[in-house]
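Some notes on the structure that comes next.
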2 protein chains.
Amino acid sequence: MSGIAEVARLAGVSKSTASRALTGTGYVSESTRLRVIEAADSLRYVASTSAVSLATGRTQNIGVLMPYVTRWFFAEVLEGIQDALLARDLDLTLYDARHGTEGRHRIFEQFLARKRFDGLVAVGLEPGDDELERLVALNRPMVSVVGAGDGTSVIEIDDDDAARRATDHLIALGHRHIAFVGGTADGHWAQVDRRRWAGYRGSMSDAGLSAETLHVPSDVSLPGGYAAAVDLLGDARTRPTAVVATCDEVAIGTMIAARRLGIRVPTDLSVVGIDDHEYAEMFGLTTLEQVPREQGATAVDLLLRHIDDPELPPSVVRLHARLIMRTSTAPPSGTGSATFLDSPMGDTGMPA
Amino acid sequence: MSGIAEVARLAGVSKSTASRALTGTGYVSESTRLRVIEAADSLRYVASTSAVSLATGRTQNIGVLMPYVTRWFFAEVLEGIQDALLARDLDLTLYDARHGTEGRHRIFEQFLARKRFDGLVAVGLEPGDDELERLVALNRPMVSVVGAGDGTSVIEIDDDDAARRATDHLIALGHRHIAFVGGTADGHWAQVDRRRWAGYRGSMSDAGLSAETLHVPSDVSLPGGYAAAVDLLGDARTRPTAVVATCDEVAIGTMIAARRLGIRVPTDLSVVGIDDHEYAEMFGLTTLEQVPREQGATAVDLLLRHIDDPELPPSVVRLHARLIMRTSTAPPSGTGSATFLDSPMGDTGMPA
DNA sequence: TTGAAAGCGTTACCAT
DNA sequence: ATGGTAACGCTTTCAA
């Protein structure tokens with residue numbers, strides 16, 4: 001409870017001087033500064049954030065807005081953001097705005113309007129028109145990680161390129177029947193999936209495989225990928241020899257489905273994902289790596305620069321996803337050569 | 001920017017009256033109340049949270065302290081908390097205090113001391129002595145979800161009982177060689193694992209199987225369970241016929257390892273988990289269900305009651321975990337009868 | 001280099 | 001039922 005007044009009294013100075021000494025703003029002689037700091041320590045003084053905010057107009061707090069917190073990518077980004085914030089002494093208030101929930105509605109209608117933050121980082125948000133309107137009305141610096149960057153700064157991987165290279169990889173191995181699994185099953189395409197689907201088609205088209213293009217709708221989750229793959233792989237005669245999954249969760253669901261169906265990966269089916277998910281190594285999944293944790297940290301860096309300088313023009317950071325080859329991809333069977341890769345950590349030497 | 005003063009002016013009343021009308025505190029005639037509210041709406045007035053906090057001493061904000069945000073249980077609890085908070089117009093500031101990080105240190109040393117919250121919910125925290133000291137020094141209401149409830153309120157399932165019933169289930173099926181997989185591999189036991197390990201041993205002991213007791217250390221994660229199981233199941237002669245996993249992630253890792261090794265589940269190996277994880281159904285995993293989302297919501301309810309009434313004595317809510325039987329458990333092979341359960345959604349009719 | 005005093009935007013007490 | 005005013009705890013001119 002002890003306020004700065006007590007600290008000042010104990011140090012034998014005025015509140016103003018105490019404030020200056022503690023915040024490091026303005027002139028204070030070295031000796032009194034030390035005295036004030038010592039007094040503050042001995043009283044275990046901690047400035048009241050609400051008083052500071054009221055006086056300075058800064059909340060020392062950053063808002064994080066995301067549509068999930070349960071999916072790998074989002075949780076990782078969140079931790080990256082938290083780490084960066086922690087290092088800069090900034091608090092984090094979370095707005096978990098799940099699509100179609102009453103909570104999301106309230107977040108946009110009321111919570112954000114409170115402006116309890118100096119800036120906002122939005123992760124994979126895909127806001128509706130009215131939501132977007134609320135966002136701009138806030139008039140606060142904002143950075144997106146994966147997002148509809150309508151004039152705001154954005155950090156994301158090059159999704160089109162990632163999917164294209166995933167597909168290129170399969171084509172280079174000799175595959176021609178390659179399916180794309182992803183794009184949510186309920187008919188609504190997430191923008192990320194749309195871009196990856198475009199990349200896949202681009203690659204197929206470049207290889208003269210436009211006619212072979214196949215979209216298998218799937219919820220963006222492991223069980224979603226599993227269900228979609230069971231459906232896709234059921235009939236051996238129509239089965240593709242390879243799958244590009246929209247993300248690793250879907251890819252892994254696909255691999256599990258394949259195993260259950262007695263289809264060997266990569267002998268009978270090659271699978272590529274995008275992410276380098278926590279489980280990717282264990283499954284030997286070939287994938288295009290992104291590091292969401294770093295994206296979160298980068299977003300914070302950029303946001304703080306926007307806060308410092310409101311004139312800073314928005315920038316788009318497009319990251320390159322690196323291809324990590326593991327054991328889920330190989331030439332299609334009948335091509336002769338088998339897998340040419342080393343076994344991953346998790347490989348037991350048994351048939352996959 | 002428009003403050004309550006403007007609202008008051010527009011409505012033709014004093015700030016005090018405007019405040020009363022808006023907060024619903026004190027006497028205001030119905031007519032002026034309406035007038036004030038209309039004025040506020042037309043000005044898009046939103047009270048400054050820092051000013052309100054400063055004046056009332058209430059932050060309208062709840063802190064959430066957890067050691068991960070990436071694991072299923074924690075993410076689910078977090079969403080449960082967020083939902084409950086959203087419904088009550090309360091903000092959420094997140095403290096992701098991962099063990100052994102610099103960030104965790106700073107959270108306990110600085111961030112919490114700012115007391116930017118009216119109360120705290122700690123999830124699976126297991127604080128060290130010094131950390132605990134900081135926590136009590138805050139002198140703020142606190143509720144734990146799974147935790148070292150040293151005099152504070154706690155919500156959790158009955159871990160001992162859950163593990164005991166998981167083990168009972170296997171014993172009832174005729175198993176005698178049952179291993180317990182869990183308790184982190186680095187030698188440090190989480191308290192939850194310790195309690196579940198105790199429940200397992202209790203069940204074994206009651207069945208006269210004390211000598212059969214076997215602990216297989218594993219990181220508490222899917223890859224952790226996978227790695228532990230590969231190690232455990234390698235030799236067919238020493239292999240147990242059943243496994244009690246400390247949680248579903250470990251259980252599923254175990255099932256995946258078994259399949260890779262050509263060990264059929266449940267024919268050659270039965271597996272039980274604890275959680276009812278998002279993936280449990282897809283894997284046909286028999287498990288003891290808990291609903292972390294509800295635990296989070298309950299924690300918020302309880303915390304708010306503690307905030308309203310500082311005299312409220314701490315309570316311990318011990319939840320019952322319900323056994324959900326799926327297809328990962330069956331009598332040991334050689335016992336005759338095979339699985340007696342229906343196939344789960346995800347079952348393809350193929351050997352597991 | 002230091003101090004006095006005026007805010008920052010609310011709420012809440014005390015009169016009226 | 002309503003208004004005036006102090007208070008919340010800090011920062012920040014402005015003088016000295």
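What you see is a predicted model; the values in this text were computed from it and never measured. Chain letters run A, B, ... following the sequence lines, proteins first, then strands; residues in each count from 1.
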Using a 4.0 Å heavy-atom cut-off, does [X] contact any base of the nucleic acid, only the sugar-phosphate backbone, or nothing at all?
X	result
A:Ser29	sugar-phosphate
A:Thr32	sugar-phosphate
B:Ser50	nothing
B:Thr56	sugar-phosphate

Measure the distance from [atom1] on [X] to [atom2] on [N] and round it to the nearest whole Å.
X	N	atom1	atom2	answer
B:Ile4	C:dA12	CD1	C1'	12 Å
B:Leu22	C:dA12	CG	P	13 Å
B:Arg58	D:dC8	CZ	P	18 Å
A:Lys115	C:dT10	NZ	C1'	17 Å
B:Arg35	D:dA1	CZ	P	14 Å
A:Tyr45	D:dC10	OH	P	4 Å
B:Tyr27	C:dT16	OH	C1'	16 Å
B:Leu43	C:dG9	CG	P	14 Å

Distance check: side-chain N/O of [X] vs OP1/OP2 of [N], anything under 4.0 Å?
X	N	result
A:Ser16	C:dG3	no
B:Ser14	D:dG4	no
B:Ser19	C:dT10	no

Just say parallel, tilted or perpendicular for the rings of B:Tyr95 and B:Phe111, cut-offs at 30° and 60°.
-> perpendicular
Using the salt bridge (Lys or Arg N to Asp or Glu O under 4.0 Å) rule, take B:Asp301 and B:Arg88 through it: C-alpha gap first, then chi angles, then the decisive distance, then the call.
-> CA-CA 10 Å; B:Asp301 284 347; B:Arg88 291 176 179 72; 2.5 Å; yes
Is there a side-chain contact between A:Arg116 and B:Thr59, using heavy atoms and a 4.5 Å cut-off?
-> yes
Taking B:Ser153 for its side chain and B:Ser315 for its backbone only, find out whether a donor-acceptor pair lies under 3.5 Å.
-> yes
Which of these nucleotides, D:dC8, C:dT2, D:dT11, is closest to any side-chain atom of A:Thr17?
-> C:dT2
Closest to the A:Leu54 side chain: C:dG9, D:dG3, C:dT10?
-> C:dG9
Counting only heavy atoms not in B:Glu38, do more than 12 sit closer than 6.0 Å to its CD atom?
-> no
Per nearest nucleotide of DNA chain D, the residue lying toward the 5' end, B:Ala55 or A:Arg20, is B:Ala55
The residue, B:Ala18 or A:Lys15, whose nearest nucleotide of DNA chain C is more 5′ is A:Lys15
